[in-house]
Number of protein chains: 2
Amino acid sequence: MPETARRTDRHSGARYGNRPTMKDVAARAGVGLKTVSRVVNGEPGVTPETERRVQEAIDALGFRRNDSARVLRKGRTASIGLVLEDLADPFYGPLSRAVEEVARAHGALLINGSSAEDPDREQELALALCARRVDGLVVIPAGDDHRYLEPEIKAGVATVFVDRPAGRIDADVVLSDNFGGARDGVAHLIAHGHRRIGFIGDMPRIHTAAERLRGYRAAMEDAGIPVEDSWMSLGVTDPQRVRRAAEEMLTGPDPVTAIFAGNNRVTVTVVRVLAEQSRRVAFVGFDDIELADLLQPGVTVVAQDAAALGRTAAERLFRQLDGDLITPERIELPTRLITRGSGELPPTD
Amino acid sequence: MPETARRTDRHSGARYGNRPTMKDVAARAGVGLKTVSRVVNGEPGVTPETERRVQEAIDALGFRRNDSARVLRKGRTASIGLVLEDLADPFYGPLSRAVEEVARAHGALLINGSSAEDPDREQELALALCARRVDGLVVIPAGDDHRYLEPEIKAGVATVFVDRPAGRIDADVVLSDNFGGARDGVAHLIAHGHRRIGFIGDMPRIHTAAERLRGYRAAMEDAGIPVEDSWMSLGVTDPQRVRRAAEEMLTGPDPVTAIFAGNNRVTVTVVRVLAEQSRRVAFVGFDDIELADLLQPGVTVVAQDAAALGRTAAERLFRQLDGDLITPERIELPTRLITRGSGELPPTD
DNA sequence: TAGAGCCTGGACAACGTTGTCATATGCGAG
DNA sequence: CTCGCATATGACAACGTTGTCCAGGCTCTA
């Protein structure tokens, strides 16, 4: 009676059409609960004959171990979380995939979440992942205050920040050399004779955007070029705004002869605008884009390695989990200037 | 004594630096366990004063509810799984993001896994997700036999297949009109005077690849054009093979005047090869690619809506979960021919 | 003022698994 | 033939949460 009652228990929270449990398997195979557990987990100490009987019952019932219960008992979930900005962005896809590969090598699954560049949503996601008891967290910050993660980190959740540094807490960070990359890209334009160079980037509250702007300013300053306010445009990177910004720079009273784009989305829009222009405007963009080499002229870019960012961060995460007591570190990956033509155009007025 | 013993229990599986539990919060707030549960879940029946005390204890201890235990008790995980081919592919990023958005709207998290086009890995991933007791599963099949999911589906795991149909089981499927799209694309080339048209696609065991090939054949047959074997090349879509295939078609004894590419990766490689040719070869590709409009000539494509695929599948999944007793259905989304120039080039011999 | 009814709070079991420990069985050695 | 030991198996508690049910204290009404 209790056995059947359990299955039809009115107040049972059970869903899933009453999946069979180890108890059911044990009953069917005529063995003890623990023996089933042994077989399921490949533990030694079970006769081949017993194992066969258990396996038969498992197959007949369609049993699959409930990892939720396992997690509860063991404490580790073998899963890690990744909070990024937008999985649909071609920059984050490869990054996520790289994290996944490292996780896989460590027998862990990956839970992704997109913050849509919203700090509240980032926090909500990160904490939801902690509630699921992910073993670790890779975060591409949208906000600039991560103290909300302090209790979690203290409680043992491994944490690594990527692409942008953590705010107000001490944690591992893996970054690209945004400052140096932008500086080199702009210097490249200067070396080809440009002085009036525009910069179109993302909102300055985003660390990468601020760093790249800083790189732009540094390159200009190194060359002794005073920067006009009308040459810089920072804000959301939707096509409309970027398009207007580019057009204003190109037609204003002091028109630029070259443009530096702060990220991949800005790049695609600016390239589009430039294609419509009659005069040739030099261009360098941050982030590589597909087919950049086939455009006329080829698009010169400062490339960062998204996969390497993800891989490095994930490896760092698992080193934390393996108990390598490491002090938080800031790892900076180099960028690479890829010249393809657009950055080598001479100034035309 | 038992209280402290519990915390330092030598054989406790506890990791996570002994996170506080509701029991700890209850002790600190001087209330019962269930009262804490009520506060945490916003259930009614707690005086403001009691709630304040509990909340205080929660903050002080850095308590966060353990969702593993909650899942175990409640039966639902509020998470769904997505098995796809490669998150780094620009086609799957937006698809995954769309699924995530729908999941989010239903309060669920998304766990991604990449199968790398390997049927075994697909199965391994899907079953691992089932062991985690995801509520539902969206699968982009790599293999062609999904009977291994039967026990899971019977046990209540909602399941929807996307992009390619399920093999040997009856389940919901959301597809693009691969056949029609390819047929229209090839017909477009024929309408512009081409008769010798090459087809380069993925391995024919992949459903989409086979369907697109079928569309190619149908268009050719409709026009009364016999297809030469040397015009077709099917296999892995890595750049080397595709490049060789394209070059052979262009230089063979019976050279093609147009090429149809079976997916986005083939497209980028073929476009590259064509850019190196002196004569103009017409081209149409399956899947849209970024900046296709800016190439010279613009790349004509048969576009499918990856986000719509993901959204449709996820919505279907949650309808299953909401208990709408729906019989498995096959939903086909239309494709769209986007003409940009490359498909409208006349034949040149 | 007593009884009925409501509201708040707590004790307890159950979810499905795994670690520990105890028992049973069989076998070899003395 | 018996003791001891190794090996196979099972009973039981615990992981942290939530659903049920009950107790105690309060208010309101007759």
Using whole Å, what does the distance between atom P of nucleotide dT17(C) and atom CG of Asp67(A) come to?
9 Å
Phe318(A) and His106(A) aromatic ring geometry - parallel, tilted or perpendicular at 30°/60° bounds:
parallel
Mind calculating the distance between CD (Glu49(B)) and P (dC26(D)) to the nearest angstrom?
16 Å
Winner on side-chain proximity to Arg73(B), out of dA13(C), dG16(C), dG9(C), is dA13(C)
Quick one: Arg76(B) CZ to dG19(D) C1', roughly how many Å, whole number?
18 Å
Figure out the CG/P separation between Asn66(A) and dC15(D), and round it to whole Å.
18 Å
Can you check whether Thr50(A) has a side-chain N or O nearer than 4.0 Å to OP1 or OP2 of dT9(D)?
yes
Indicate, with a heavy-atom threshold strictly under 4.0 Å, whether Val40(A) touches base, sugar-phosphate, or nothing.
nothing
What contact category does Val71(A) fall into here, base, sugar-phosphate, or nothing, at under 4.0 angstrom with non-hydrogen atoms?
nothing
Considering only NZ, NE, NH1 and NH2 on the basic side and carboxylate oxygens on the acidic side, decide whether Arg121(B) and Glu85(B) come within less than 4.0 Å.
no
Mind checking Thr47(A) for me? I need base, sugar-phosphate or nothing, with any heavy atom below 4.0 Å counting as a touch.
sugar-phosphate
Nearest-nucleotide pick for Glu43(A), side chain only, options being dG10(C), dG19(C), dG16(D):
dG19(C)
Starting from C1' on dC15(C), measure out to CZ on Arg65(A) and report it in whole angstrom.
17 Å
Between Met22(A) (CE) and dT9(D) (C1'), how many Å, whole number?
15 Å
Short N-O contact, Glu152(A) and Arg19(B), less than 4.0 angstrom:
yes
Checking dC21(C), dT18(D), dT18(C) against the side chain of Arg38(A) (C-beta onward), the nearest is dC21(C)
Donor/acceptor link under 3.5 angstrom from Lys34(B) side chain onto base of dG19(D)
yes
Roughly how many Å is it from NZ in Lys74(A) to P in dT20(C), rounded to a whole number?
10 Å
Output the distance between atom CG (Leu95(B)) and atom CG (Leu87(A)), rounded to the nearest 0.5 Å.
10.0 Å
Per atom distances to the Leu72(B) side chain, the nearest of dT18(C), dC15(C), dT18(D) is dC15(C)
Mind checking whether Val160(B) and Val174(B) have side chains closer than 4.5 Å, heavy atoms only?
yes
For a quick test of reading the model: is some side-chain N or O of Lys23(A) closer than 4.0 Å to OP1 or OP2 of dT17(C)?
no
Side-chain N or O of Thr35(B) closer than 4.0 Å to phosphate OP1/OP2 of dG10(C):
yes
Using whole Å, report how far CG of Leu33(B) lies from C1' of dA13(C).
12 Å
Phosphate oxygens OP1/OP2 of dT18(D): is one of them under 4.0 Å from a side-chain N or O of Asn41(B)?
yes
